[in-house]
Undergrad: 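Below is a structure I'd like to ask you about.
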Amino acid sequence: MRPELPQKANVVIVGSGIIGAVIAYYLTRKGISDVLVLEQGEIGSQGATSACLGGLRTQFSTAVNIRFSLISRKVYRRFKEEFGVDPGFKPYGYLFLATTPKQWTIFKSTSRLMKVLDVPVESLSPQEVSRRWPFIRVDDLSGGSYTKEDGFYSPIEILQTYVKKARQGGTVFMEKVQVTGISINNNSAVGIQTKDAHNIKAGIVVNAAGPWAGRVASMAGLELPIVPLKRHLFFTDTFHEIPDIFPMVIDVDSGWYMKREGRGLILGGPTGSKSFSQHVDFDAKEWTAEKSIQRIPALERAKIIRGWVGHYEMTPDHHAVIGAFPELRNFICAAGFSGHGFQHAPAAGMIVAELIANGKAETEDIYPLRPTRFKENDLIYEPITAFRD
Ligand SMILES: Cc1cc2nc3c(=O)[nH]c(=O)nc-3n(C[C@H](O)[C@H](O)[C@H](O)COP(=O)(O)OP(=O)(O)OC[C@H]3O[C@@H](n4cnc5c(N)ncnc54)[C@H](O)[C@@H]3O)c2cc1C
């Protein structure tokens with residue numbers, strides 16, 4: 001039988017994707033155990049985390065994104081020690097390919113920033129890309145930006161581990177509970193309402209609703225520009241005409257990408273509408289096949305056997321939103337990670353726990369991620385992405 005919903009909790013977290021789960025874990029580490037996480041579906045079965053590939057890269061164009069990756073990488077590298085679970089790291093590296101001088105300028109300035117932050121990155125000429133990975137077509141390239149230490153983890157295993165550890169620390173996770181309202185008193189969030197007309201009092205409400213975070217914020221009368229962006233992915237049959245180990249290859253112009261997955265390959269298809277549509281669009285497979293053959297001619301002989309759709313949680317500048325709106329106390333947003341929420345989750349979890357426990361972020365300066373930046377028109381655009389929106 002389903003347990004009854006509690007009437008109150010110190011902290012209510014809306015959404016149990018990787019972000020909600022990690023926040024709950026770090027709250028318990030700070031001794032805050034009266035935490036309730038409400039999930040409208042089943043944990044790990046919907047939302048951005050369920051589609052995630054588990055990549056962690058250090059190549060970003062802003063210091064805050066790079067630092068979030070570095071903080072999180074430290075945690076994932078010690079994951080087995082801390083949690084007793086192998087996070088399944090595959091050290092494939094990331095290779096971004098630029099096809100225009102303008103893009104190449106962005107990578108050059110990014111590599112200067114990365115060097116300042118002590119993150120190794122190699123700027124490769126097209127000839128060098130071809131020498132290392134002869135299966136890549138390079139005649140249209142301006143260059144390749146390669147980070148050898150990046151790679152892939154097992155996102156669902158990591159999500160389950162955080163949920164388990166947060167539960168052991170006293171957090172209650174409840175599935176199939178949809179939050180439909182935020183209760184407000186005197187400019188402060190004081191609880192939530194559910195679809196089944198339950199009212200739960202809360203000292204603090206955290207909006208960790210991923211692509212739905214804009215909707216959840218609007219329940220509190222706030223404007224938070226986070227929208228779902230549909231992304232197609234395709235999986236090929238066994239394909240051994242290229243090596244078993246090679247980096248995640250990303251064409252930054254189109255957003256097409258390729259990574260090894262077992263004996264086959266995952267191919268990044270086009271983005272689609274800004275909606276929750278699950279439909280694999282008719283033209284998406286053709287687009288993917290065309291881009292794949294253009295970049296990796298051997299893929300002419302690969303067979304796509306499956307296609308599916310996931311949803312990114314996009315902000316206008318491709319950076320997360322962390323913090324509270326000045327007009328509403330005790331309502332903290334931790335969402336909009338724009339396609340890199342898995343790799344930034346440990347950093348985000350630590351920081352949100354600090355905000356709740358100590359009233360300020362200590363691990364990293366989160367001013368650039370404040371929710372008011374959209375109204376202030378003070379965006380910090382991230383052009384190095386594996387999609388076009
Ligand atoms: C195809 C694809 C590949 C990706 N690959 C990578 C990658 O390699 N590396 C990386 O770092 N990131 C990747 N990402 C991005 C990453 O998956 C997300 O940034 C991250 O999972 C966001 O986590 P989240 O917890 O914020 O959101 P979600 O996982 O979407 O979780 C939000 C949860 O909130 C719940 N919810 C929403 N509204 C309500 C409500 N009203 N009441 C109760 N519950 C609610 C939802 O059901 C959902 O489970 C990828 C994303 C996609 C789509």
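Just so you know, residue 1 is the first one in the sequence shown, and it goes up from there.
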Undergrad: Output the rest of the hydrophobic cluster of Val190: all Ile, Leu, Val, Met, Phe, Trp and Tyr residues reachable through side-chain heavy-atom contacts under 4.5 Å, sorted by chain and number.
TA: none

Undergrad: State, yes or no, whether a side-chain contact exists between Arg295 and Leu97 at a heavy-atom distance under 4.5 Å.
TA: yes

Undergrad: Would Tyr76 and Phe342 count as a ring-ring contact (aromatic ring centres under 6.0 Å, His included) here? Give the steps.
TA: CA-CA 11 Å; Tyr76 286 146; Phe342 165 77; 5.0 Å; yes

Undergrad: Mark yes or no for whether Ser45, through its side chain, and Gly41, through its backbone, hold a donor-acceptor pair below 3.5 Å.
TA: no

Undergrad: Transitively linked via ILVMFWY side-chain contacts under 4.5 Å: Ile226 with Ile366?
TA: no

Undergrad: Taking the six-membered ring for Trp and the full ring for Phe, Tyr or His, determine whether the centres of Trp287 and Phe282 are under 6.0 Å apart.
TA: no

Undergrad: Under 4.0 Å between a side-chain nitrogen and a carboxylate oxygen: does that hold for Glu122 and Lys148?
TA: no

Undergrad: Can you run down the side-chain hydrogen bond (donor to acceptor under 3.5 Å, both in side chains) pairs that involve residues 330-339, sequence neighbours left out, and say none if there aren't any?
TA: Ser188-Asn330, Thr315-Ser338

Undergrad: Can you sort out the partners of Lys195 under side chain to side chain contact (heavy atoms under 4.5 Å, CB included), two or more places apart, ordered by chain and number?
TA: Gln178, Thr180

Undergrad: The criterion is salt bridge (Lys or Arg N to Asp or Glu O under 4.0 Å); which residues satisfy it with Lys80, sequence neighbours excluded?
TA: none

Undergrad: Would you confirm whether His344, through its side chain, and Gly341, through its main-chain N or O, come within 3.5 Å as a donor-acceptor pair?
TA: no

Undergrad: Run the side chain to side chain contact (heavy atoms under 4.5 Å, CB included) test on Phe325 and Leu224 for me, step by step, so that the C-alpha distance in whole Å, both residues' side-chain angles and the decisive distance to 0.1 Å come before the verdict.
TA: CA-CA 10 Å; Phe325 284 84; Leu224 182 64; 4.0 Å; yes

Undergrad: Taking the basic N atoms (NZ, or NE/NH1/NH2) and the acidic carboxylate oxygens, is any pair closer than 4.0 Å for Asp251 and Lys291?
TA: no

Undergrad: Which pairs with one or both residues in residues 374-388 pass side-chain hydrogen bond (donor to acceptor under 3.5 Å, both in side chains), sequence neighbours excluded?
TA: Ser61-Glu382, Asn65-Glu382, Arg370-Glu376, Arg370-Asp378, Thr372-Glu376, Thr385-Arg388

Undergrad: Can a side-chain donor-acceptor contact be found between Gln193 and Ser183 if the only test is distance below 3.5 angstrom?
TA: yes

Undergrad: Can you list everything that forms a side chain to side chain contact (heavy atoms under 4.5 Å, CB included) with Gln278? Sequence neighbours excluded, please.
TA: Val309, His311

Undergrad: So which atom in Val22 and which in Pro346 form the shortest heavy-atom distance, rounded to 0.1 Å?
TA: CG1-CA, 3.8 Å

Undergrad: Which atom names give the shortest non-hydrogen contact between Ile322 and Ala348, and what distance separates them?
TA: CD1-CB, 4.1 Å

Undergrad: Would you confirm whether Ser72, through its side chain, and Ser69, through its main-chain N or O, come within 3.5 Å as a donor-acceptor pair?
TA: no

Undergrad: State whether the number of non-hydrogen atoms from other residues, nucleotides or ligands found under 6.0 Å of Glu327 atom CD is greater than 12.
TA: yes

Undergrad: Which pairs, with at least one residue in residues 152-172 and sequence neighbours excluded, count as a side-chain hydrogen bond (donor to acceptor under 3.5 Å, both in side chains)?
TA: none

Undergrad: Would you say Thr363 and Glu354 are linked by a side-chain donor-acceptor pair, where the criterion is simply a distance under 3.5 Å?
TA: yes

Undergrad: Indicate yes or no for a side-chain donor-acceptor contact from Thr236 to the backbone of Lys303 under 3.5 Å, with no hydrogens or angles considered.
TA: no

Undergrad: Charged N to carboxylate O under 4.0 angstrom, Glu82 versus Arg29?
TA: yes

Undergrad: Decide side chain to side chain donor-acceptor pair (under 3.5 Å) for Thr58 and Asp150; before the verdict, give the C-alpha distance in whole Å, the side-chain angles of both, and the deciding distance to 0.1 Å.
TA: CA-CA 7 Å; Thr58 45; Asp150 295 346; 3.0 Å; yes

Undergrad: Taking Phe79 as the starting point, is it possible to reach Tyr26 by hopping between hydrophobic residues whose side chains are less than 4.5 Å apart?
TA: yes

Undergrad: Evaluate side chain to side chain contact (heavy atoms under 4.5 Å, CB included) for Val205 paired with Ile332, printing each intermediate quantity in order.
TA: CA-CA 6 Å; Val205 177; Ile332 295 179; over 6 Å; no

Undergrad: Apart from Ile250 itself, what residues make up its hydrophobic cluster, given side-chain heavy atom links below 4.5 Å?
TA: Leu53, Tyr92, Tyr94, Phe96, Trp104, Ile106, Phe107, Phe152, Val227, Leu229, Leu233, Phe235, Ile245, Met248, Val252, Tyr257, Ile266, Ile305, Trp308, Tyr312, Met314, Ile384, Phe387

Undergrad: Under the rule for side chain to side chain contact (heavy atoms under 4.5 Å, CB included), what residues qualify as partners of Asp281, not counting sequence neighbours?
TA: Lys230, His232, His279, Ala284

Undergrad: Taking salt bridge (Lys or Arg N to Asp or Glu O under 4.0 Å) as the test, write out the residues that go with Glu362, two or more places apart.
TA: Lys360

Undergrad: Ignoring hydrogens, what is the shortest heavy-atom contact between Ile351 and Ala361? Give both atom names and the distance.
TA: CG2-CB, 3.7 Å

Undergrad: Give a yes or no on whether a salt bridge exists between Arg373 and Asp317, defined as a side-chain N under 4.0 angstrom from a carboxylate O.
TA: yes

Undergrad: In sequence, state the C-alpha distance, the side-chain angles, and the governing distance for Leu117 and Met114, and then conclude on side chain to side chain contact (heavy atoms under 4.5 Å, CB included).
TA: CA-CA 5 Å; Leu117 295 172; Met114 289 174 71; 5.7 Å; no

Undergrad: If you count the non-hydrogen atoms of other residues, nucleotides and ligands that lie under 6.0 Å from CG in Asp118, is the total more than 12?
TA: no

Undergrad: Would you name the heavy atoms of Ile182 and Ala189 that are closest together and state the gap between them?
TA: CG2-CB, 4.2 Å

Undergrad: Please determine, by modelled atom types, if Gln59 and Ser145 share a side-chain donor-acceptor pair under 3.5 angstrom.
TA: yes

Undergrad: If you take all heavy atoms of Thr271 and Arg231, which pair is closest and at what distance?
TA: CG2-CD, 3.7 Å

Undergrad: Identify, with sequence neighbours excluded, every residue that meets side chain to side chain contact (heavy atoms under 4.5 Å, CB included) alongside Ser109.
TA: Arg112

Undergrad: Restricting to ring pair (Phe, Tyr, Trp, His ring centres under 6.0 Å), what partner residues turn up for Trp256, sequence neighbours left out?
TA: none

Undergrad: If you apply the rule side chain to side chain contact (heavy atoms under 4.5 Å, CB included), what do you find for Val172 with Val35, and how did you get there?
TA: CA-CA 6 Å; Val172 174; Val35 178; over 6 Å; no

Undergrad: State whether a side-chain donor-acceptor pair under 3.5 Å links Gln46 with Gln40.
TA: no

Undergrad: Is the positively charged end of Arg57 above the ring of Phe60, judged by distance under 6.0 angstrom from the centroid and angle within 45° of the axis?
TA: yes

Undergrad: Do Leu124 and Arg132 come within less than 4.5 Å of each other through their side chains, counting heavy atoms only?
TA: yes

Undergrad: Which pair of non-hydrogen atoms, one from Pro368 and one from Ile380, has the smallest distance, and what is that distance?
TA: O-CD1, 3.4 Å

Undergrad: Please say whether more than 12 non-hydrogen atoms of neighbouring residues, nucleotides or ligands are located less than 6.0 Å from CD in Glu286.
TA: no

